[in-house]
Amino acid sequence: MESWFGRHRRLRAVIDAVLEGRGGRVVTVGDGPPDAALLDYGCYRIPGGDPRSPCAQTLLASLEGPCEIVVPDDDAWRNLIGDIFGDRVRDRSMASYAPGPELEARVAVLSKHVPAGHALRRLDAGSAALVGPDLSPHGVNVLGGPARFAERGFGWGLFVNDTPVCASTSYAVSSKFVEVSIATRADHRRRGLAACAAAAMIADALGRGLEPHWNAFNPISKRLATRLGLADAGLCEILALDFARPDDR
């Protein structure tokens, strides 16, 4: 089954985490050997296998929004997704980033720039429980809650007193890679918090022997990735699926 997902060159931390049994699930249909499968992890649905098989059609047709379909580098899959969903999907492709030559040096500096009035802390189960929806996306819920996050993932946050106002977490962790997420509360943005927390998170990942990956949709996140020393690694093609089927709108 691993070979089915070789066409996906992006989001390797997410894909490998599912295939290695570290989170999410593999979805198949039928009782016999499948011809296709779908990886279900967080907001992502990642198809692989034979796009011409009945399994592929059944798997995709069963999807309910909202979710983000990661498109394989394969025109047959791309066409099948378009045939099934039509205008229910919209482009939400992301720029992918991987370590550049200056990454280690830059994160070492930026992680020390803790803004005044804030405390930089590693997230344990107790502090991870304080990371709420105002700091989405984050890996705490995706990994199954604070205790499982502390066991399977890691992250860093900037706190005012005991309240996290910025958090950088592992959205997915595999044996080789980590997908880094970052979020700052709206009323604490433009203060350099994201650079500090993300730098501490990436430095931690490097210390664990993991290659950090970053995927960005908005320009602010893209600029932050470059500032941290991450390098452009191409486009991750994603189609966002709407909430409702056409007859439910």
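For this chain, numbers begin at 1 and follow the sequence in order. Quantities reported herein were computed from a predicted structural model and do not represent experimental measurements.
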Inset, instruction - Would you mind checking if D73 and R9 are paired as a salt bridge, meaning a charged N to carboxylate O distance below 4.0 Å? - result: yes
Inset, instruction - Could you check if a side-chain atom of T163 sits within less than 4.5 angstrom of a side-chain atom of R185, using non-hydrogen atoms only? - result: yes
Inset, instruction - Work out which heavy atom in L239 is nearest to a heavy atom in I81; give both atom names and the distance. - result: CD1-CG2, 3.7 Å
Legend entry - Ion pair R12/E211, N-O distance below 4.0 Å: no
Legend entry - S175 versus E20, side-chain donor and acceptor atoms under 3.5 Å: yes
Legend entry - Carboxylate-amine/guanidinium contact D242 R88, below 4.0 Å: no
Inset, instruction - Scan side-chain atoms only and decide if T169 and W156 contain a donor-acceptor pair under the 3.5 Å cut-off. - result: no
Legend entry - Residue pair D91 / S93, side-chain donor-acceptor N/O under 3.5 Å: yes
Legend entry - Closest non-hydrogen atom pair, P212 against I202: CG-CG2, 3.8 Å
Legend entry - Side-chain touch P72/P47, heavy atoms, less than 4.5 angstrom: yes
Legend entry - All ring-ring contact (aromatic ring centres under 6.0 Å, His included) counterparts of H138, not counting sequence neighbours: none
Inset, instruction - In sequence, state the C-alpha distance, the side-chain angles, and the governing distance for L19 and I15, and then conclude on side chain to side chain contact (heavy atoms under 4.5 Å, CB included). - result: CA-CA 6 Å; L19 295 177; I15 292 169; 3.9 Å; yes
Inset, instruction - Give the cluster check for V131 versus F154: same hydrophobic cluster or not, with ILVMFWY residues linked at side-chain heavy-atom distances below 4.5 Å. - result: no
Legend entry - In one Ile/Leu/Val/Met/Phe/Trp/Tyr side-chain cluster, 4.5 Å: V180, M94: no
Inset, instruction - Answer yes or no on whether R92 is positioned over the face of F217, meaning its NZ or CZ is under 6.0 Å from the six-membered ring centre and within 45° of the axis. - result: yes
Inset, instruction - Identify the heavy atoms of H118 and H188 that sit nearest to each other, and give their distance. - result: NE2-CD2, 3.9 Å
Inset, instruction - Please check if any side-chain donor atom of S221 sits under 3.5 Å from a side-chain acceptor atom of N218, or the reverse. - result: no
Inset, instruction - Can you see which heavy atom on G153 is nearest to which on V173, and at what distance? - result: CA-CG2, 4.3 Å
Legend entry - Heavy-atom closest pair, residues W77 and G49: NE1-O, 3.3 Å
Inset, instruction - Establish, yes or no, whether the cationic atom of R25 lies under 6.0 Å from the six-membered ring centre of Y41 and within 45° of the ring axis. - result: no
Legend entry - Hydrophobic cluster identity match, L193 and L228, side-chain contacts under 4.5 Å: yes
Inset, instruction - Give a yes/no verdict on a cation-pi contact between R121 and F159, requiring under 6.0 Å between NZ or CZ and the six-membered ring centre and an angle within 45° of the axis. - result: yes
Legend entry - For A36 against T28, the heavy-atom pair lying closest together: O-CG2, 4.0 Å
Legend entry - Same apolar cluster (I L V M F W Y, side chains within < 4.5 Å links), I182/Y171: no
Inset, instruction - Could you tell me whether D204 and R208 make a salt bridge, using a distance below 4.0 angstrom between a side-chain N and a carboxylate O? - result: yes
Legend entry - Linked, directly or transitively: F177 and L230 (ILVMFWY side chains, under 4.5 Å): no
